[in-house]
2 protein chains.
Amino acid sequence: MSERTVGGGFVPDVALDRTSPVPLYFQVATRLQQLIEAGELPVGGKLENEIDLAERLGVSRPTMRRAIQYLVERGMLVRRRGVGTEIVHPKVRRPVELSSLYDDLAKTGQQPRTEIRSFEVGPAPDHIAEALGIPEGAEITWFERLRYAGGEPLAIMQNAVPVAVLAIDRDDLVSNGLYELLRAAGCVPRMANQVVGARTASAGEARVLGESRGAPLLTMTRTAWDAAGRGVEYGSHIYRADRYSFELTLTI
Amino acid sequence: MSERTVGGGFVPDVALDRTSPVPLYFQVATRLQQLIEAGELPVGGKLENEIDLAERLGVSRPTMRRAIQYLVERGMLVRRRGVGTEIVHPKVRRPVELSSLYDDLAKTGQQPRTEIRSFEVGPAPDHIAEALGIPEGAEITWFERLRYAGGEPLAIMQNAVPVAVLAIDRDDLVSNGLYELLRAAGCVPRMANQVVGARTASAGEARVLGESRGAPLLTMTRTAWDAAGRGVEYGSHIYRADRYSFELTLTI
DNA sequence: CAGTGGTCTAGACCACAGG
DNA sequence: CTGTGGTCTAGACCACTGG
């Protein structure tokens, strides 16, 4: 039944570079993804079976399977035993990522500006030490920032970072997001627990944020760990609800 | 260097059942997970290298790798090339899941109660059809529910479910969560996009929720798709912020 | 340098769906 | 029954880390 390659998704020959440091399975997956996004592989159609595909692309079946599996995990393909591999609507494919407000704003073209309202190094309060899983009284850097976007105040952000993880420089915080600093120090957050809630602004908060008392605020408390399970950041943030919301895409 | 099995994590012999329909890699992964959670494999210690482990457990290296990889994805192991496999603090291991308010409440022992405030079947409004990726005017079931917990109103929930996905029975909604109904119909949400924000209650909302006007509300808009990329649910919810917050654990 | 994980191959058998 | 994806094996070579 070779006519399945006519009606279904026919994968054109893919140029693979075996001298490249990029793994073969990833080259294949990337190419398939491009073909799907470009519409050359019809959404709703079926992919060729993995055996034929592997042979035609000149890779082994396990390598082909790995490439396909990669796209399954990203929600672009659905596999059913005995049936085949279906190409699925590439809806929202943005992976779940830890939101960095600074990065988000920079990406959308809004000029972020940061004002440091306090900055100190000292022993961690109990609830923060517990959240981060560090000894009570371990040294942390604690700071409060006011974040502007488009000239308007947007958020008040309080954060703690263990000194053992990264000794933060106050000036760096002005021109960089916290996550950017962590990444630059080779410390990549890999897991996080976030609690998102809402409340109304106190008089003091309202004044700082340029709102009126009783204005709605989004609150977010987050603890983040790196790949080794080390607590790297604790944050307690409040956002003007009229100017900010959290968007997240979940894949189960 | 066989003393590494002494100081590090020594994996005792694992009984594998090759006649079981449960895949070998999964049997191995499950056993390793039990050993870590029971403390028999020391957190912070290193696992044996995968070659020795595979040999001693009597499985091939690819199978052993797959078992290890499974636990890496769950955040229990960390691998570094040239270094080894580290056993990591099993912090929060709850996978990211779509929050079902009904399930959440039932789990925490708060008695959920549901009041249907409206229920109708008709053509989908444009913005909902677009969100779900269904044709404009396709039939949906649209309903608004008031959710109580502990006798107090907690949330107003508006939802839409395409009739093509599931013909919802009004009475079922009273005693079951929406996600429970979807699951029971063999329609499992696999991906979702959520936007979480905040605002203050209008007079009407406040009255329904037993709050005063201007009280802070958490808002959540969600679109969910099943494994095949079919839009299965659209929801627009508001929660009393003094009684509810979203908690989520992210793994990158 | 030796030891580790990362990738890749070429086969094999099985479980399941559908005609 | 045929075709599909799911699992498993036994090897090979490479890239990286650390002493």
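Chain A is the first sequence line, chain B the second, and so forth, proteins listed ahead of strands; every chain is numbered from 1.
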Value in whole Å for how far the C1' atom of D:dC8 lies from CZ of B:Arg18: 8 Å
Least distance between heavy atoms, B:Ala131 atom then B:Thr223 atom: O-CG2, 3.3 Å
Option from A:Arg65, A:Arg81, A:Arg66 for which salt bridge (Lys or Arg N to Asp or Glu O under 4.0 Å) with A:Glu50 holds: A:Arg65
Protein-nucleotide distance (B:Gln27, atom CD; D:dT7, atom P), rounded to Å: 12 Å
Phosphate OP1/OP2 of D:dC8 contacted by B:Tyr25 side-chain N/O (<4.0 Å): no
Candidate nucleotides D:dG5, D:dT9, C:dC8, ranked by approach to the side chain of B:Pro62 - the nearest: D:dT9
Distance, rounded to the nearest Å, where A:Ile51 contributes CD1 and C:dA12 contributes P: 12 Å
Main-chain N/O of B:Val22 paired with B:Gln27 side-chain donor or acceptor, under 3.5 Å: yes
Length of the CD-C1' vector between A:Glu48 and D:dG5, whole Å: 15 Å
Strand contacts (DNA chain C) in residues 63-71 of chain A, 4.0 angstrom heavy-atom criterion: A:Thr63, A:Arg66
Distance in angstrom units between A:Leu47 CG and D:dT4 P, rounded: 11 Å
Backbone of A:Val59 reached by a side-chain donor or acceptor of A:Thr63 within 3.5 Å: no
B:Arg79 vs C:dT4: side-chain N/O to OP1/OP2 distance below 4.0 Å: no
B:Arg61 CZ - C:dT9 P separation (whole Å): 15 Å
Touch class at under 4.0 angstrom, heavy-atom based, for A:Pro23 against every strand present: sugar-phosphate
Touch class at under 4.0 angstrom, heavy-atom based, for A:Leu24 against every strand present: sugar-phosphate
Short side-chain N/O contact to C:dG11 OP1/OP2 from A:Ser60, under 4.0 Å: no
Nearest-Å distance for atom pair CG/C1', residues B:Leu53 and C:dT4: 13 Å
Side-chain N or O of A:Thr85 closer than 4.0 Å to phosphate OP1/OP2 of D:dT4: no
Atom CZ of B:Phe26 with >12 non-hydrogen neighbours under 6.0 angstrom: no
Most 5' of A:Val83 and B:Arg81 on DNA chain C, judged by nearest nucleotide: B:Arg81
Minimum heavy-atom distance A:Ile140-A:Pro162, with the two atoms named: CG2-CA, 4.0 Å
Spacing between A:Glu50 atom CD and C:dA12 atom C1', to the nearest angstrom: 14 Å
OP1 or OP2 of D:dG3 under 4.0 Å from side-chain N/O of A:Asn49: no
Qualifying residue for side-chain contact (heavy atoms from CB on, under 4.5 Å) with A:Leu77, from A:Ile68, A:Leu41, A:Val88: A:Ile68
